[in-house]
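Below: the structure, in structure tokens.
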Amino acid sequence: MIGELEKFFMRPVLLCTFSLGLMGWMPFKPTAEVREGSALDFSCLCGRAVPAGTYGRLVAVGDHFEFESRKGTPQKFYGANLCFSANFPRTEKDAETLVRRLAAAGYNAVRLHHHDRDLVHGSADGTQVNLDQLERLERLFAVLKKAGFYVSTDLYVSRNVPWRALGVDLDGNVPRAEYKNLVRTNALARANLKTFVRSWLGHINPHTGLSWAEDPALAWISLVNENAVKGADGLERECEFAAGMKHFLRDELKCAALVSDLNGGDTGLGALYPRYREYDYVDEHFYFAHPRFSGPGWTMPSKYETTNPARHWAVGAFGAGTRRLVDRPFVATEFHYCPPCAFRGASGLFIGAQAALQGWGGVWRFAWSHCDWKSVAPTCREISYFDVSHDPVTLASERLAATLYLRGDLRPLRKSAVAVVRSDELRELDGQRCHNRWQRAMWSAKIGVAVDKAPPDAVVLGGKETFVASVEDVLQKVGAPDGQIRFDREKGLFAVDTPCSKAVFAEADTVSLDGFSVTIQDSPATVFAISLDGKPLAESGRILLAHLTDVRNSGDRIPSDGTLDGFGTLPLVMRTGRAEISLVRQSSDGAVFALSSDGSRA
């Protein structure tokens, strides 16, 4: 249930009860479009400068991003991934519809992902771009740029490379995981990658007049998606590969986009070595309730996490922050709380809070869509593992994430805490991992790794031994969680309290914040209030109020808790629940409106 409160001049305290039907589930038929100017239209939330590139290139300055001509002003980005055919809208109208919906969700960035496979459709050696596909992609890029979006992408994700293109007399294509390693060690594999990149990034986009390489709207490049290295030799080869590719991009293609790699997390703490030596920023991926398959990959049945994430500290990046270098920006180009997890309505609260408190540079939801026609369908389609464009409960939570993080309602933590590791020790961390319970310290201080020397005023947790220290030792040094949040692991409760936005996630409880009280009944839920005019909630003339439970397909086949045999069909069904909300106001007189899924007043 989502409602809008406007021009309150009635009573000092607003009492509101949300009730989502009878006990159980009720049919729900949301639209995919958001009405312009409605309470769900967050397109103006972050004040995107149009077109992207107005203030020059995005650059890395210490632990944050800045624009070249706006020095001293940190920039943050919240976006979504486009995958496979979703990168290639069929018409200009489709591209405009897609970008309008992305903007309405509050995003200011996009990651073009799994695009390379379809971009070389029909190429014998997997290097030459298909001009029809390139036209669709370049048209979308131009529409994104015009709307003020900044773009991240990968040079290799899923492009098919024939064995014979690498001089190997075998039929078929090189397996993806093998190609990811070969680009570091095999000259023909690396030449194949560069040939593809030249034909793509070197092409002049007729809709912008610039090559991809020259365009400041292309801000971030990951060299190879979710690759991993093992051993000291592997780490050295990764450094050589990254240095060579940066030289190729910057000197030959004149591409000044920021560069990173090793974003999958499988390398563990060893990733700190090439990150320190070669990368402009640190990139990580993380998921909650990612599907796990007992048989062949991506075939049912699958297993998923059913535990409330707030009961085991898993509300954010699962230790990814401990692989962060404090002297450069940190981003997560993939994160998601995957259906049919019942707690994903709180994902925007969790990630928005952590990104804001830690002062991250960017976060991208995985994914908006994997399909061109579904990206622009007029009504929501069936819910699947990843596509949030047709998951109304996750989409609603994105408004909260954008508010806490992009708008800056939740201020970054003032305290920093670091493990100081000597530069000559970084390779020794290969194969080591940091216990995820370190995650708890992220609510008290910005955490990460400093090389050779701690930043001024940072709490020094220790040296490389810190990664295996007990969480109690770490927490004793960083202190209590920040007062802007409330985290109760025993109850599985998480809340954020700021002047302009307040949010509560609980299974069933009464939670009182400053001027805002919520009683959640019947089913776990996230309840939040957002001031839409930027004034404190007590003074705001327009407030978005939401009560999020769960939404599923009709007939999702879940034979036992934690097992999914198959996704169901339309119509979607919403889990029922009740929430009583009290909001303290300074004045009186006004109205409360229930909202339709497109933001219009019902």
Side-chain angles (χ1 to χ4, degrees), residues 48-59 67-69 79 82-96 98-99 102 108-159 161 190-224 244-259 280 372:
R48 292 186 307 275
V50 296
T54 295
Y55 299 113
R57 273 281 180 190
L58 191 72
V59 295
F67 292 127
E68 286 177 314
S69 61
L82 299 176
C83 299
F84 296 112
S85 67
N87 290 289
F88 307 97
R90 301 178 187 184
T91 66
E92 184 173 5
K93 181 180 178 182
D94 284 352
E96 291 170 346
L98 170 59
V99 173
L102 292 167
N108 64 349
V110 160
R111 181 178 182 227
L112 306 179
H113 189 53
H114 281 295
H115 56 294
D116 53 341
R117 186 198 68 177
D118 294 346
L119 190 54
V120 296
H121 178 71
S123 173
D125 65 354
T127 65
Q128 298 306 308
V129 297
N130 179 299
L131 294 180
D132 290 337
Q133 292 291 80
L134 182 61
E135 162 61 20
R136 290 184 180 185
L137 185 64
E138 290 184 331
R139 184 171 56 201
L140 172 63
F141 183 92
V143 176
L144 286 164
K145 178 178 179 177
K146 182 179 179 181
F149 280 76
Y150 285 83
V151 173
S152 175
T153 195
D154 316 83
L155 300 187
Y156 178 79
V157 189
S158 50
R159 181 171 56 92
V161 179
R190 193 177 306 187
N192 175 279
L193 176 62
K194 289 182 177 180
T195 300
F196 163 69
V197 174
R198 279 190 201 97
S199 66
W200 167 33
L201 297 188
H203 189 265
I204 294 178
N205 185 339
H207 302 282
T208 65
L210 296 173
S211 71
W212 286 75
E214 298 171 303
D215 203 312
L218 179 60
W220 309 270
I221 290 176
S222 169
L223 298 177
V224 178
M245 290 303 295
K246 286 195 301 181
H247 175 77
F248 164 68
L249 288 167
R250 290 171 181 169
D251 294 349
E252 180 178 331
L253 296 184
K254 309 304 179 186
C255 179
L258 300 169
V259 173
D280 299 315
D372 55 354

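Residue indices begin at 1 and follow the sequence shown. These values consider heavy atoms only, across backbone and side chains, with no hydrogens, waters or symmetry-generated copies.
By the 4.0 Å N-to-carboxylate-O rule, Asp280 lies too far from Arg57 to be salt-bridged with it.
Rounding to the nearest 0.5 Å gives a distance of 9.5 Å between SG of Cys255 and CD of Glu214. The distance from atom CH2 of Trp220 to atom CG of Leu258, rounded to the nearest 0.5 Å, is 8.5 Å. Annotation: the span from Arg111 atom CZ to Thr153 atom OG1 amounts to 7.5 Å, rounded to 0.5 Å. Atoms CH2 and NE2, on Trp212 and His203 in that order, are 10.5 Å from each other to the nearest 0.5 Å. We find the CG-NE2 distance between Asp251 and His247 to be 4.5 Å, quoted to the nearest 0.5 Å. Taking CG from Asp132 and CZ from Phe88, the interatomic distance works out to 11.5 Å, rounded to the nearest 0.5 Å.
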Query raised in the report: side-chain contact (heavy atoms from CB on, under 4.5 Å) between Trp200 and Leu155: does it pass, once the steps are laid out?
Result: CA-CA 10 Å; Trp200 167 33; Leu155 300 187; 4.1 Å; yes
Report task. Carefully, step by step, assess Phe67 and Leu58 under the rule side-chain contact (heavy atoms from CB on, under 4.5 Å). Result -> CA-CA 5 Å; Phe67 292 127; Leu58 191 72; 3.5 Å; yes
Query - Working for side-chain contact (heavy atoms from CB on, under 4.5 Å), residues Val161 and Phe196 - result: CA-CA 10 Å; Val161 179; Phe196 163 69; over 6 Å; no
Query raised in the report: Can you check side-chain contact (heavy atoms from CB on, under 4.5 Å) on Leu98 and Leu102, steps first, answer last?
Result: CA-CA 6 Å; Leu98 170 59; Leu102 292 167; 4.1 Å; yes
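A donor-acceptor contact shorter than 3.5 Å links the side chain of Tyr150 to the backbone of Gly53. Proximity of a side-chain donor or acceptor of Asn130 to a complementary backbone N or O of His121 within less than 3.5 Å is detected. One N or O on the side chain of Asn87 and one on the backbone of His113 form a donor-acceptor pair closer than 3.5 Å. With hydrogens and angles ignored, the 3.5 Å screen pairs no side-chain donor or acceptor of Arg90 with any backbone N or O of Arg136. Here the side chain of Asn108 pairs no donor or acceptor atom with the backbone of Arg48 at under 3.5 angstrom.
Here the rule is side chain to side chain donor-acceptor pair (under 3.5 Å) with Arg159, and of Asn192, Thr127, Asp116, Asp154 only Asn192 fits it.
Enclosure of atom NZ in Lys246 by more than 12 non-hydrogen atoms of other residues, nucleotides or ligands within 6.0 angstrom is indicated.
Contact record, Phe84 with Ser158: CE2-OG, 3.9 Å, taken as the closest heavy-atom pair. Among all heavy-atom pairs drawn from Ser211 and Gly202, the shortest one is CB-O, 3.9 Å. Taking both residues in full, the closest heavy atoms of Glu138 and Pro206 are given as OE1-CD, 3.3 Å, listed atom of the first, atom of the second, then distance. Of all heavy-atom pairs spanning Pro216 and Leu210, the tightest one is CD-CD1, 4.2 Å. Considering every non-hydrogen atom in both Ala217 and Phe149, the closest pair reads CB-O, 4.3 Å.
At a threshold of 4.5 Å between non-hydrogen side-chain atoms, the residues Glu252 and Val197 do not count as touching. Residues Thr208 and Pro51 form no side-chain contact, since every pair of their non-hydrogen atoms from C-beta on lies 4.5 Å or further apart. You'll find the side chain of Thr195 reaches within 4.5 Å of the side chain of Gln128, heavy atoms only. No side-chain heavy atom of Leu140 sits less than 4.5 Å from a side-chain heavy atom of Val110. Here the side chains of Lys146 and Val99 are not in contact, with every heavy-atom distance at 4.5 Å or above. For the pair Leu218/Leu201, a side-chain contact is recorded, criterion being any heavy-atom separation below 4.5 Å from C-beta on. A heavy-atom distance below 4.5 Å is not found between the side chains of Leu134 and Ser199. Two residues are said to be in side-chain contact when any heavy atoms from C-beta on lie closer than 4.5 Å; Met245 and Leu193 meet this criterion.
Judged purely by distance below 3.5 Å, without hydrogens or angles, the side chains of Glu135 and His207 pair a donor atom with an acceptor atom.
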